[in-house]
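For reference, the structure discussed in these notes is given below.
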Amino acid sequence: MSKPRVVHFLGELPGIGEDLIHKLVCNNIRCSIVDSWYDLFMSKMATELEIFSERPFLFNPEMVYSNDVLLYFAIHQQSVDLDALAKIECDVILILNGDSRIDVQGTKLKLIYIHDLIYFSEVESLANKNLDELLDLCISNSEGLNLPSDKKHWWVAQQDVAAGLLRLIGYTKPLPQLMHICGRRGWTNQETFEQLGLLYRRTIAGSSGQFQTSHLESKPVIHLTVAKVSQITPSTRPDLSIINELLIDIDGEGWRPLTPLRTALMHYLATKDLGHSV
């Protein structure tokens, strides 16, 4: 009789890895956590661990079995020891930044590239670089008029990606070697800046006690503007067909991120210390 499937977590786990571990614990799915994050996560999940029976255990390479799955989070890592990961007998999935490229041809390793991820971590080294740059403009009261407006981001919230990975974990058929995940709608730098600025101003107004009814006025998510064709640069969305078809095969739902951009940006702002701006 085969052992129950276990999900092993290695790499940089704050943010999306932590979110997924929480979902596994709440679904009573067994998992192990690398020692560098184990104590911190166990203390943060103390309440949940009193309710749910499956308690995460410390990762031990000798306790990895062929029907397990290992998730290696390397969204911010410059290099990954592919040789060591390739020697692991179970399914190994690398979670990578969409801008990185790793060659795993000739191995059984699987790659998931996540593009334009909005994650919620207070760890300073794990920065949302593009959003942080836009937030700096909001703090400096810049209008952001010099932003390259034709550059698009396919923002996707951390909780949507974690929910998608949760669905993949129970898949018993062989996974494709390469998958891409991102949001379905593209947002220009200017559109993103406008949404972030709106929420930033509301946040500061609330924390400073200067909240006014004008801060709650309904604002359109999208401003209709007319631009010359010569000023528009075609922007290609990462290929979502593979992950969409895979999820349809799993439960019929496909890839449907549910978190609106404004909600994701509010979670992002909640991780920032904005007191210096009050």
From CA spacing to verdict: side chain to side chain donor-acceptor pair (under 3.5 Å), Glu54, Asn28: CA-CA 5 Å; Glu54 286 296 348; Asn28 280 319; over 6 Å; no
Just by modelled atom types, is the [Y] backbone N or O under 3.5 Å from a matching donor or acceptor in the [X] side chain?
X      : Y      : answer
Asp91  : Val69  : no
Glu191 : Thr188 : yes
Ser140 : Asp136 : yes
Asn97  : His76  : no
Lys110 : Leu175 : yes

Please give me the minimum heavy-atom distance between [X] and [Y], naming the atom from each residue.
X      : Y      : answer
Leu135 : Leu196 : N-CD2, 3.6 Å
Asn244 : Trp255 : OD1-N, 2.8 Å
Ala84  : Asp81  : N-OD1, 3.2 Å
Ile33  : Pro56  : CD1-CB, 3.9 Å
Trp154 : Pro238 : CD1-CD, 3.7 Å
Ala74  : Val80  : CB-CG2, 3.8 Å

With a 4.0 Å cut-off, would you call [X] and [Y] a salt bridge?
X      : Y      : answer
Asp68  : Arg30  : no
Lys152 : Asp116 : no
Glu18  : Lys44  : yes

Show, in sequence, the C-alpha distance, side-chain angles and deciding distance for Asn141 and Arg201, and conclude whether the side chain to side chain donor-acceptor pair (under 3.5 Å) test is met. CA-CA 10 Å; Asn141 293 317; Arg201 290 189 293 273; over 6 Å; no
Taking Leu131 as the fixed residue, which of Tyr119, Phe193, Tyr268 is the one that meets the side chain to side chain contact (heavy atoms under 4.5 Å, CB included) rule?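 Among the candidates, only Tyr268 passes.
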Pairwise side-chain contact, [X] with [Y], heavy-atom cut-off 4.5 Å (strictly under):
X      : Y      : value
Gln159 : Phe120 : yes
Trp155 : Arg185 : no
Val6   : His8   : yes
Phe59  : Asp35  : no
Glu194 : Leu198 : no

Listed partners of Arg55 passing side chain to side chain contact (heavy atoms under 4.5 Å, CB included), at least two apart: Met42, Leu49
Partners meeting side chain to side chain contact (heavy atoms under 4.5 Å, CB included) with Gln105 (sequence neighbours left out):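 For Gln105, the residues satisfying side chain to side chain contact (heavy atoms under 4.5 Å, CB included) (neighbours in sequence not counted) are Asp103, Gln177.
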Should the pair Arg5 and Tyr65 be classed as cation-pi, given the thresholds of under 6.0 Å to the six-membered ring centre and 45° from the axis? no
Hey, mind stepping through Asp249 and Lys173 against salt bridge (Lys or Arg N to Asp or Glu O under 4.0 Å) and telling me if it holds? CA-CA 10 Å; Asp249 190 36; Lys173 299 178 183 178; 3.3 Å; yes
